Amino acid sequence: MKTEYLLEMENITKEFSGVKALNNVQLKVKKGTVHALMGENGAGKSTLMKILFGMYRGGGTIRFNGEELKRTGPKDALKKGISMIHQELNPVPFMTVAENIFLGREPSYGKTGWVNKKKLIEDTQRLFEILNIRIDPTKKMKDLSIANMQLVEIATAVSHHADLIIMDEPTSAITEKEVDHLFEIIRSLKKKGVAIIYISHKMDEVFEICDEITVLRDGQYIGTKPARELNQDSLIQMMVGREIKQVFHKEKAEIKEVVLSVKNLSREGKFNNVSFEVRKGEILGIAGLMGSGRTELIESIFGIDPPTSGEMYLHGEKIRMKSPSDAIRNKIGLVTEDRKLTGAFLPLSVKENMIMSGLDQFLNFGYVNGKTVKRKCKEQVKKLNIKTPNLNQLIMNLSGGNQQKVLLARWLLNDPDLLILDEPTRGVDVGAKAEIHKLMSELAQDGKAILMVSSEMPEILGMSDRILVIHEGSQKGELRREEADQKKILEVAYQ
Amino acid sequence: ADGKDDGKMVIGAAMPVFDDKWLSYMYDAMKKGAKGQKAELKMVDAKNDSSKQLEQVEKLVIQGVDAIVICPVDTSAVKPMVDAAKQADIPVVVVNRQPSADVLEKVDAYVGSESIKSGTMQMEKVAELLDGKGHVAIMTGELGHEAQVKRTKGNKDVIKKHPDMKVVRQGTAEYQRAEGIQLMENWIQSGDNMDAIVANNDEMAIGAIKALKSAGKLDDILVAGIDGTPDALEYVQSGALDVTVFQDPVGQGEKAIVTAVKLAKGEKLEDKMVWIPYELITKENVEKYVERWKGYDENKG
Amino acid sequence: MKTEETIAKKQTISHDRDRTGWKEKIPELFSRYGIFLIFLALVALMSVLTPHFFNVYNLINVVKQVSFIGIVAMGVTFVIITKGIDLSSGSLIALVSVIAASFAHPGDYPLFVPLLLGVGVGAFAGLINGTVSAKGMIPPFIATLGMMTAARGLALLYSDGRPIGNLSDSFLFLGSGDLFGIPFPIIVFLFVGLLMHLLLSNTKFGKHTYAIGGNEQAARICGINVDRHLILVYTLAGFLTGISALMLTARISAGQPSMGVMYELDAIAAAVIGGTSLTGGIGTIPGTMIGALIIGVLNNGLDLMNVSSYWQQILKGAIIVTAVLIDSRKNKKA
Amino acid sequence: MKTEETIAKKQTISHDRDRTGWKEKIPELFSRYGIFLIFLALVALMSVLTPHFFNVYNLINVVKQVSFIGIVAMGVTFVIITKGIDLSSGSLIALVSVIAASFAHPGDYPLFVPLLLGVGVGAFAGLINGTVSAKGMIPPFIATLGMMTAARGLALLYSDGRPIGNLSDSFLFLGSGDLFGIPFPIIVFLFVGLLMHLLLSNTKFGKHTYAIGGNEQAARICGINVDRHLILVYTLAGFLTGISALMLTARISAGQPSMGVMYELDAIAAAVIGGTSLTGGIGTIPGTMIGALIIGVLNNGLDLMNVSSYWQQILKGAIIVTAVLIDSRKNKKA
Ligand SMILES: Nc1ncnc2c1ncn2[C@@H]1O[C@H](COP(=O)(O)OP(=O)(O)OP(=O)(O)O)[C@@H](O)[C@H]1O
Ligand SMILES: Nc1ncnc2c1ncn2[C@@H]1O[C@H](COP(=O)(O)OP(=O)(O)OP(=O)(O)O)[C@@H](O)[C@H]1O
Ligand SMILES: [Mg+2]
Ligand SMILES: [Mg+2]
């Protein structure tokens with residue numbers, strides 16, 4: 001049977017213990033095209049892809065290259081010519097880059113199982129040359145930055161010489177420069193007739209690279225359209241089923257006295273001589289390329305890894321943060337950049353995740369008062385519009401955006417004066433992103449000071465009152481909201 | 001060996017386990033004996049592990065001791081130890097646990113008794129007290145260990161001779177008192193009719209007594225142990241423990257050292273087999289043993 | 001290794017409690033109380049297999065026997081929830097036992113001296129376990145393995161390898177006394193169980209214990225003093241082991257350096273059978289108590305049925321694996 | 001529990017390895033060969049403390065004694081690298097021992113019968129361990145704990161609790177023979193060590209072992225048949241335990257059902273002292289061999305110095321913890 005489609009998925013259904021994650025979904029991808037799969041957090045995009053890749057079983061039929069896919073596991077999918085970049089990074093930390101890339105298909109001497117280490121490295125080098133990636137293949141994976149890990153995963157997916165590459169949020173951890181690089185790779189793959197399924201929450205990317213767009217909503221198939229027939233607003237309309245503004249415009253807030261001021265803060269090898277201040281009602285954005293030391297900077301401020309020199313003043317008083325509990329006591333909150341690694345308590349419930357940093361306020365003669373917990377958590381769920389069936393749901397069951405909101409709620413429960421947000425909307429869908437932005441704006445209006453690190457230019461530009469630009473650990477300059485644009489920020493960074 | 005430099009004999013002693021009350025008296029006697037004989041004693045603990053004991057014997061051989069006393073963890077594994085010592089022409093004395101005939105041929109002396117005898121003596125006395133009939137429950141030590149195997153076999157050999165006696169229950173309490181209590185508690189709950197509890201050692205017998213006492217059944221049931229430890233003697237005195245079998249640790253320890261020193265000096269032995277027989281303890285003769293322990297304890301100080 | 005998967009499977013269950021109908025509630029019920037149901041099944045099985053099993057005396061008997069390991073297992077549950085392990089419990093029992101016994105001779109010291117010393121020694125050893133593994137950055141497996149060896153050695157050294165008997169009656173009450181016909185160890189077991197359950201599920205300390213096991217780094221960022229908390233958890237485990245050791249010593253009316261061999265494994269097994277996950281963040285005290293009871297029922301039932309010691313071991317191994325297997329299978333399906 | 005942190009710390013460190021100079025390389029060297037240096041220090045210390053330690057006979061003796069645990073520890077290393085654990089080794093030694101011994105009486109069967117049976121039984125038990133923990137989704141701790149209990153019971157059942165002696169000379173050679181003056185167990189130890197080292201560090205099988213322990217999900221995604229691999233790893237561990245059991249049986253010239261008690265802990269300790277991480281993904285065979293040697297040197301040296309058995313235990317516990325402590329400290333700094 002001839003068909004113009006490389007991949008045809010039909011009537012795909014998947015239940016997670018009674019809850020339908022996918023209901024009769026279809027997806028048809030043509031050869032040599034980039035096909036965007038869009039939808040809010042939890043719409044079922046990753047689930048659909050995991051079914052295609054053989055990681056989940058599920059109802060329905062899948063035809064690939066005209067024949068029915070048997071779906072016995074990732075191995076089979078890879079053999080048939082499907083490879084996948086997963087939403088979650090999957091490094092094997094103590095193995096080398098080369099070993100990670102060729103895991104499961106190491107070049108070996110015949111059938112002996114004896115790994116040809118030389119060829120392993122050469123093959124990796126060749127791959128990196130083609131893709132123009134500069135990473136040492138013999139480095140241990142754990143020594144790579146997150147961005148480089150992401151690049152390695154991209155390289156791995158490409159190296160399978162697959163006919164179809166699934167990319168599930170491949171750009172959530174890399175900066176514009178690397179995104180451009182990825183797009184170059186995608187274009188050249190496309191020329192070779194490779195099809196790509198592209199999942200992202202970043203609209204501009206989708207319109208830049210994709211030919212067709214399929215939209216899912218709450219596990220339902222909504223439709224497929226050529227990208228050129230859609231614009232951002234109509235796409236969002238399809239995704240959320242109602243109209244929302246993609247970019248939330250920050251409301252003006254009254255900027256008052258200084259909350260935190262940092263003078264000549266340094267930590268050896270990470271950042272040096274950083275000075276700035278944040279005021280009540282102000283959002284200070286910290287911009288910079290990946291690996292510029294921003295996370296380290298705020299970790300020092302929060303007492304996770306104290307600075308080696310410099311001073312900090314809170315409400316005008318000199319303070320030293322020796323540990324996060326010092327910071328918390330001083331009414332500072334921190335939402336970290338990596339939900340899984342440093343944020344969520346995965347085996348615990350939504351409720352427990354929310355209360356963990358401010359338990360004292362719930363104590364009643366030493367007991368955690370269940371009623372207060374319930375009441376305050378419910379408030380947060382409502383306020384942040386967190387989608388969870390109940391408070392006892394395990395956080396790992398929530399979609400990324402909702403997880404992020406839970407973590408935000410954790411700190412809001414402490415009613416902090418200063419809220420530090422590191423990549424607050426990484427991997428969060430448009431709707432949730434707008435909500436988080438709205439929330440930040442409201443917090444500022446409430447008189448909170450907000451320190452925000454973000455690698456997303458639109459976010460930095462849209463949300464910050466002032467922008468601090470950091471490059472390779474040094475403070476390069478500061479821009480006011482009015483004067484800042486993307487070009488300007490890069491200029492400052494590289495000056 | 002460095003012992004030779006100051007003219008002192010060095011005796012190596014490969015002991016099965018330090019954590020055992022009865023053996024500890026034997027060790028003390030050996031230490032005291034060595035002092036008396038002006039010999040240095042190197043005593044090592046195999047922690048109930050045959051292969052560890054073999055290692056230790058090899059180490060003693062390497063150190064060039066003048067004689068080795070072995071109290072085997074398990075007599076089935078004593079042959080390579082004897083071989084190792086013999087290769088270096090070091091005299092070997094086996095104490096307390098009697099190895100098989102082919103190994104006995106190679107060793108220079110054996111000090112102790114026949115292990116199985118304790119089981120037979122114990123059971124014979126129980127049989128006598130029960131008039132040759134009744135239900136017996138056997139509480140065994142740590143499974144697979146020498147004393148457990150031999151003592152249990154001794155018990156059963158005797159029971160076989162009495163057609164009206166039978167083993168109704170057999171279970172392990174690992175030589176431990178706590179496990180003895182637990183096992184006995186469970187047996188009591190089973191409602192089985194038992195006339196005697198025969199344990200591989202006194203500790204378990206004491207455990208059984210404790211459980212029986214709290215169930216109010218102590219008076220109807222005979223309890224027998226082996227070892228005759230001071231703790232056990234108190235229970236014999238009070239009538240709770242009906243039978244135990246005494247094996248003289250001090251006699252064995254002293255004799256082992258004396259024999260080893262003799263051999264080290266190259267002297268001839270009158271008899272290769274130095275018998276220290278088991279002795280039966282019941283309420284009638286218990287005071288004698290209480291005195292004996294007192295003496296041992298005083299000596300120790 | 002399996003946890004994420006297992007969690008993923010468990011998660012989907014407790015889900016949407018509000019909107020599920022009765023049909024969905026049955027597997028949920030089974031999943032929540034799975035191990036309890038397995039326990040009931042085992043009890044039913046034993047009751048059928050041996051007529052002596054199901055009567056109040058024997059059941060009291062089983063619970064009493066379980067009390068000792070059960071209390072140890074509660075401390076171990078805290079430890080395992082933090083992603084740790086404690087291999088030292090068995091040896092610690094011996095150490096506490098000989099030290100306490102040596103101060104419990106009639107007329108020597110008032111009762112509180114051996115009691116305080118006993119729990120004190122336990123807690124102190126736990127403190128060392130915790131400090132070495134928290135501050136020293138060495139795996140708790142090794143830290144407590146070292147303690148296991150060292151504490152046994154200390155117990156032997158202290159007692160010169162001999163049991164220490166002749167204990168005062170007031171001390172002995174701990175192990176063999178009863179209140180209103182209920183053996184004292186059972187009372188302690190239930191009381192400590194209740195206390196520990198409240199501590200684990202309703203206090204800051206308990207929440208922090210889960211947090212550390214769930215994500216240590218996140219816990220640090222939430223302002224939890226992880227090192228100090230871990231030290232406290234191991235100290236608590238040592239303390240509970242001390243209580244158990246005191247009661248055991250009283251039960252056998254002697255301090256013995258050879259006591260408690262392999263108890264650590266039974267305690268860990270009780271916790272894990274009861275649903276505590278070795279990968280951290282999951283576990284409950286009632287679960288552990290059921291886990292201990294399962295082991296106790298097995299021991300008791302097999303003894304009652306007069307199964308030979310050899311077969312007892314084989315069956316015990318097989319049944320424990322099967323119980324955990326059923327428990328995890330059921331989660332998978334539900 | 002510590003790993004992620006350690007990783008997080010390490011990453012920011014080793015990072016720019018390219019631009020580090022010689023000065024930075026020295027701690028790195030120490031970090032790579034740390035445990036080896038600790039081993040050398042221990043040897044030096046023992047040589048100073050007791051004159052009998054450092055001579056060729058005693059050193060051969062130490063290595064010979066270490067061979068048995070060492071071979072078991074190699075299998076355990078594979079298991080731990082996959083994030084698993086094997087508690088069954090000790091009991092398995094007993095089971096293999098009695099079965100093999102019963103077929104090794106002089107004139108009964110050709111030598112290969114007990115040998116094949118021995119390793120076969122070991123491998124088969126390993127297969128069960130692996131299958132239950134991989135397919136059954138139950139923690140290996142519990143799966144192998146069950147096997148530990150059950151295998152001991154089987155060994156007792158098979159032998160009726162009695163040692164099985166009277167073994168043929170050709171069989172005995174395994175434990176006490178030598179080639180060119182080198183005891184046979186040492187030869188097997190070194191040979192198996194070399195083989196296992198090559199297997200772990202140079203083959204697909206080895207790489208996949210690391211991958212599964214480092215990130216099981218990643219391994220699955222890469223099409224590695226994780227379940228099958230885990231089963232193979234546990235089977236390998238059982239197989240190696242079988243080899244060790246055969247040699248031990250020959251060495252003490254009897255099959256004993258009481259053999260190998262607590263060996264599993266020594267084997268795990270050897271692996272961990274040698275740098276294998278209980279959180280998976282890290283470990284080497286040479287490291288494990290050094291770890292085993294450290295334990296051997298400790299046992300031997302303390303015996304030679306005539307340290308009392310009680311003190312030996314205390315010291316052994318303390319020294320093992322200290323060794324791992326120094327090793328991890330140095331990693332932290334390097
Ligand atoms: N293993 C699982 N067990 C239970 N529910 C799951 C599981 N995986 C996903 N879900 C649920 O299925 C739904 C779809 O999730 P999926 O991860 O496919 O969303 P997504 O579209 O990829 O979202 P995101 O943009 O946040 O990645 C969600 O409600 C999620 O909670
Ligand atoms: N979790 C991590 N895993 C690996 N490397 C990391 C991690 N966190 C930080 N790094 C490394 O530390 C260096 C400084 O990173 P930092 O996170 O401070 O930079 P950043 O400007 O915040 O960038 P990012 O936007 O990636 O967070 C980077 O080079 C990065 O490689
Ligand atoms: Mg997704
Ligand atoms: Mg960052």
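The sequence lines fix the lettering, A, B, ..., with proteins before strands; numbering per chain opens at 1. Scope of the values below: all heavy atoms of this structure, side chains included, with no hydrogens, waters or symmetry mates. If you're wondering where the values come from, they're calculated on a predicted model, not measured in any experiment.
- Of residues 83-91 of chain A, those residues with a non-hydrogen atom less than 4.5 Å from any non-hydrogen atom of chain D are, in numerical order, His86(A), Asn90(A), Pro91(A).
- With chain D as the partner, the residue from Lys117(A), Met141(A), Arg105(A) showing the most heavy-atom pairs under 4.5 Å is Lys117(A).
- Legend: salt bridge (charged side-chain N to carboxylate O under 4.0 Å, His left out) pairs involving residues 228-243 of chain D, not counting sequence neighbours: none detected.
- In this structure, the portion of Ile224(D) lying under 4.5 Å from any heavy atom of chain A is its side chain and not its backbone.
- Of all the heavy atoms in Pro140(D) and Ser133(D), the pair that sits closest is CA-CB, 3.8 Å.
- Both the backbone and the side chain of Leu103(A) come within less than 4.5 Å of a heavy atom in chain D.
- Residue pairs satisfying the salt bridge (charged side-chain N to carboxylate O under 4.0 Å, His left out) criterion with at least one member in residues 193-202 of chain D, sequence neighbours excluded, are absent.
- Taking CD1 of Ile146(A) as the reference point, atom OG of Ser455(A) lies at 11.5 Å (rounded to 0.5 Å).
- Heavy-atom minimum distance, Ser300(A) versus Pro306(A): OG-C, 4.1 Å.
- Heavy-atom pairs under 4.5 Å with chain A peak, among Thr203(D), Asn202(D), Leu198(D), at Asn202(D).
- Checked against Ile81(D) for a side-chain contact (heavy atoms from CB on, under 4.5 Å), the options Thr284(D), Ile282(D), Thr276(D) give a single hit: Thr276(D).
- Interface residue Phe53(A): only side-chain heavy atoms are found under 4.5 Å from chain D.
- The salt bridge (charged side-chain N to carboxylate O under 4.0 Å, His left out) pairs that include a residue from residues 202-213 of chain D are Glu99(A)-Lys207(D), where partners are two or more places apart or lie in different chains.
- Exactly one of Lys45(A), Met167(A), Met49(A) qualifies for a side-chain contact (heavy atoms from CB on, under 4.5 Å) with Ile197(A). That residue is Met49(A).
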